[in-house]
There are 2 protein chains.
Amino acid sequence: MRGKKDMMSGDDIRNAGLKVTLPRVKILALLEQSEQGHVSAEDVYKLLLDAGEEIGLATIYRVLTQFESAGLVTRHHFEGGQSVFELDRGEHHDHIVCIKCGRVEEFFDQTIEDRQQEIAKEKGFSVEAHALTIYGYCKDPACRAS
Amino acid sequence: MRGKKDMMSGDDIRNAGLKVTLPRVKILALLEQSEQGHVSAEDVYKLLLDAGEEIGLATIYRVLTQFESAGLVTRHHFEGGQSVFELDRGEHHDHIVCIKCGRVEEFFDQTIEDRQQEIAKEKGFSVEAHALTIYGYCKDPACRAS
DNA sequence: CAACAAATGAGATGCTTTTGCATTCTGCCA
DNA sequence: TGGCAGAATGCAAAAGCATCTCATTTGTTG
Ligand SMILES: [Mn+2]
Ligand SMILES: [Mn+2]
Ligand SMILES: [Zn+2]
Ligand SMILES: [Zn+2]
């Protein structure tokens with residue numbers, strides 16, 4: 001079971017044209033197992049430290065960027081501070097973020113997607129990408145707007 | 001005519017609880033007259049330099065942030081590099097940006113706005129803000145995707 | 001016009017991300 | 001299996017953007 005997963009990771013890395021190194025395997029495994037799903041480079045660094053793996057922050061940035069180019073990972077620029085990374089599972093979605101506790105939830109709305117295409121067409125633009133993030137307070141009582 | 005505009009600017013600044021200083025007047029005037037409409041702090045710095053006004057970059061950042069707090073200006077975090085500022089004319093809109101030439105166009109779509117509210121409600125979130133930016137190639141032949 | 005508070009400018013500083021380079025590791029072939 | 005060329009890593013330095021510190025200047029009010 002675990003052996004299989006590790007091999008999968010190794011394959012993904014190899015398929016991306018990258019050497020299968022310990023940092024890459026560890027980082028990818030962490031992204032796969034991560035509960036939060038959405039982590040910053042520094043989160044990755046600290047989580048790996050907690051797991052006893054000391055990998056340089058520069059390497060983490062480099063690897064995440066390479067994974068992004070390879071389509072294994074998606075990078076988001078939520079407001080405030082660091083970029084956030086998540087495993088790319090092939091299904092596009094947008095985000096709603098709690099500005100109190102940081103919770104991130106995902107959603108996909110075909111209506112919004114369609115409208116964007118129509119708007120782009122009206123303006124004479126092609127659509128290469130888009131970023132939609134809703135910011136608010138989540139349902140946690142401790143987060144409800146004061 | 002010009003006198004009136006300048007007074008308007010002065011009033012806006014004063015109403016925001018800020019002293020009417022030369023840097024603030026010049027920055028606000030530039031935003032009002034700016035053709036691009038969407039400028040970075042450094043853009044403001046350089047445009048003012050071109051106009052013979054040498055105002056420190058730190059002051060520009062400070063003033064833009066104050067204007068933002070006062071609701072005179074809106075700040076956007078488009079991908080890559082600096083924050084972009086624009087005069088807040090009171091009407092919310094989102095953006096579509098050309099990833100080749102940087103052109104920025106604005107749009108407002110009630111359907112998208114409504115869907116966001118519904119999504120937030122489903123998730124138990126309140127909506128405090130949102131950012132939607134579409135990235136693509138504009139209609140300029142020189143920008144069309146290769 | 002004096003007096004005080006607020007604002008500015010210049011440079012230092014902070015934070016995130018990238019880069020250069022010496023060293024180490026992988027993948028591959030003899 | 002051993003060895004080698006090229007790729008990857010770690011560390012420290014640098015870069016990019018934004019904010020802060022503090023001495024000096026400016027705006028406001030009486
Ligand atoms: Mn996500
Ligand atoms: Mn705009
Ligand atoms: Zn919350
Ligand atoms: Zn263009």
Side-chain angles (χ1 to χ4, degrees), chain A residues 6-7 9-30 38-49 52-70 72-85 102, chain B residues 6-7 9-30 38-49 52-70 72-85 102:
Chain A
D6 287 348
M7 280 186 71
S9 298
D11 284 348
D12 286 342
I13 294 169
R14 206 172 293 112
N15 292 340
L18 300 168
K19 287 189 179 178
V20 180
T21 65
L22 191 137
R24 286 175 179 153
V25 170
K26 294 297 181 187
I27 292 170
L28 188 52
L30 186 151
H38 303 84
V39 294
S40 68
E42 199 176 342
D43 289 337
V44 172
Y45 176 74
K46 288 179 175 161
L47 288 168
L48 286 174
L49 261 194
E53 304 288 343
E54 185 152 0
I55 297 175
L57 191 52
T59 298
I60 292 172
Y61 273 107
R62 261 186 306 236
V63 169
L64 287 172
T65 301
Q66 292 158 344
F67 284 180
E68 184 188 17
S69 300
L72 291 176
V73 153
T74 303
R75 179 193 308 238
H76 304 293
H77 300 89
F78 297 154
E79 298 199 14
Q82 295 131 295
S83 293
V84 165
F85 301 81
Chain B
D6 287 349
M7 280 185 69
S9 299
D11 285 348
D12 287 341
I13 294 169
R14 204 172 293 112
N15 291 341
L18 301 168
K19 285 189 182 180
V20 180
T21 63
L22 192 137
R24 285 174 181 156
V25 170
K26 293 298 181 187
I27 292 170
L28 188 51
L30 186 150
H38 305 83
V39 292
S40 69
E42 200 176 340
D43 289 337
V44 172
Y45 177 74
K46 288 179 176 162
L47 287 168
L48 287 174
L49 261 194
E53 305 286 342
E54 184 153 359
I55 297 175
L57 192 53
T59 298
I60 292 173
Y61 272 108
R62 255 185 314 236
V63 169
L64 287 172
T65 301
Q66 292 159 343
F67 284 179
E68 184 188 17
S69 300
L72 292 176
V73 154
T74 303
R75 181 194 308 237
H76 305 292
H77 301 88
F78 296 153
E79 297 199 14
Q82 294 129 297
S83 293
V84 165
F85 300 82

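Chain identifiers are assigned alphabetically (A, B, ...) following the order of the sequence lines, protein sequences preceding nucleic acid strands; residue numbering begins at 1 within each chain.
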Visitor: Would the distance check show the side chain of A/R75 and the main-chain N or O of A/S83 forming a donor-acceptor pair, the cut-off being under 3.5 Å?
Guide: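 A pair under 3.5 Å: no.
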
Visitor: So which one's nearest nucleotide on DNA chain D is more toward 5', B/Y61 or B/T21?
Guide: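 The residue closer to the strand's 5' end, by nearest nucleotide, is B/Y61.
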
Visitor: On DNA chain C, nearest-nucleotide positions of B/A58 versus B/L18: which is more 5'?
Guide: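 Residue closer to the 5' terminus by nearest nucleotide: B/L18.
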
Visitor: 5' to 3' on DNA chain C, which nucleotides open and close the contacts with chain A (atom under 4.0 Å from a heavy atom)?
Guide: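 Extent of the interface on DNA chain C: C/dT16 to C/dG27.
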
Visitor: Figure out the CG/P separation between B/D43 and D/dA18, and round it to whole Å.
Guide: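 Atom-to-atom, B/D43 to D/dA18, this comes out as 11 Å.
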
Visitor: For the residue pair A/E53 and A/L22, what are the closest heavy atoms and their distance?
Guide: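 Nearest heavy atoms, A/E53 then A/L22: OE1-CD2, 3.8 Å.
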
Visitor: What heavy-atom pair brings B/T59 and B/P23 nearest, and what distance separates the two atoms?
Guide: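 For B/T59 versus B/P23, the nearest heavy atoms are CG2-CB, 4.0 Å.
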
Visitor: Rounding to an integer number of Å, can you tell me how far B/Q82 CD sits from D/dT19 P?
Guide: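 It is 12 Å, rounded to the nearest whole Å.
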
Visitor: To the nearest Å, give me how far apart NZ (A/K19) and P (D/dG6) are.
Guide: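 That distance rounds to 10 Å.
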
Visitor: Using a heavy-atom cut-off of under 4.0 Å over every strand shown, decide if B/T59 touches base, sugar-phosphate, or nothing.
Guide: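 B/T59: base contact, heavy atoms under 4.0 Å.
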
Visitor: Per the end-axis method with five pairs at each terminus, what is the bend angle of the helix from C/dC1-D/dG30 to C/dA30-D/dT1, to 10°?
Guide: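 One end axis against the other gives 20°.
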
Visitor: Rounded to the nearest angstrom, tell me the gap between atom CZ in A/R24 and atom P in D/dA7.
Guide: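 Interatomic distance, CZ of A/R24 to P of D/dA7: 11 Å.
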
Visitor: Would you check if A/T74 and A/E68 make a side-chain contact, meaning some heavy-atom pair closer than 4.5 Å?
Guide: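 Not touching, per the 4.5 Å side-chain cut-off.
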
Visitor: Within the modelled atom types, does a donor on one side and an acceptor on the other bring the side chain of A/R62 and the base of D/dG10 under 3.5 Å apart?
Guide: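 Per atom types, the contact qualifies.
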
Visitor: To the nearest angstrom, how far is A/I60 atom CD1 from D/dC11 atom P?
Guide: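 After rounding, the gap between these two atoms is 11 Å.
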
Visitor: Are B/H77 and A/H77 packed together at the side-chain level, in the sense that at least one heavy-atom pair is separated by less than 4.5 angstrom?
Guide: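 The answer is no, as the side chains (C-beta and beyond) never meet within the 4.5 Å cut-off.
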
Visitor: Of all heavy-atom pairs between A/Y45 and A/L57, which one has the smallest distance, and what is that distance?
Guide: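 Closest approach of A/Y45 to A/L57, heavy atoms only: CB-CD1, 3.9 Å.
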
Visitor: Taking all non-hydrogen atoms of both residues, which atom of B/I60 and which atom of B/I55 are closest, and how far apart?
Guide: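 Heavy-atom minimum between the residues: CD1-O, 3.8 Å.
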
Visitor: Do you know which of B/D43, B/V25, B/L48 makes side chain to side chain contact (heavy atoms under 4.5 Å, CB included) with B/L30?
Guide: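 In the set B/D43, B/V25, B/L48, the residue that makes a side chain to side chain contact (heavy atoms under 4.5 Å, CB included) with B/L30 is B/L48.
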
Visitor: Compare every heavy atom of A/R24 with every heavy atom of A/F67, then report the nearest pair and how far apart it is.
Guide: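 Heavy atoms of A/F67 and A/R24 come nearest at CZ-O, 3.7 Å.
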
Visitor: Pick base, sugar-phosphate or nothing for B/Q66, based on heavy-atom distances below 4.0 Å to the nucleic acid.
Guide: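 Counting heavy atoms under 4.0 Å across all strands, no contact is made by B/Q66.
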
Visitor: Backbone N or O of B/V20 within a donor-acceptor pair of the B/R14 side chain at under 3.5 Å?
Guide: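 No, B/R14 side chain to B/V20 backbone: no donor-acceptor pair under 3.5 Å.
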
Visitor: For B/S83, which contact category applies under a 4.0 Å heavy-atom criterion: base, sugar-phosphate, or nothing?
Guide: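 It contacts sugar-phosphate atoms only.
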
Visitor: Answer with base, sugar-phosphate or nothing: what part of the nucleic acid does B/I55 contact at a heavy-atom distance below 4.0 Å?
Guide: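 The answer is sugar-phosphate, as B/I55 gets under 4.0 Å only of primed atoms, P, OP1 or OP2.
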
Visitor: Using whole Å, report how far CD of B/E42 lies from C1' of D/dG16.
Guide: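 In whole Å, D/dG16 C1' lies 10 Å from B/E42 CD.
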
Visitor: For A/F85 and for A/L22, find the nucleotide of DNA chain C with the closest heavy atom, then tell me which residue's nucleotide is more 5'.
Guide: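 Per heavy-atom nearest nucleotide, the more 5' residue is A/F85.
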
Visitor: Between P on D/dT19 and CG on B/L64, what's the gap in Å once rounded to a whole number?
Guide: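 Taking atom P of D/dT19 as the reference, CG of B/L64 is at 10 Å.
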
Visitor: For B/R75 and D/dT19, give me the distance from atom CZ to atom C1', rounded to whole Å.
Guide: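 Distance check: B/R75 CZ to D/dT19 C1' gives 10 Å.
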
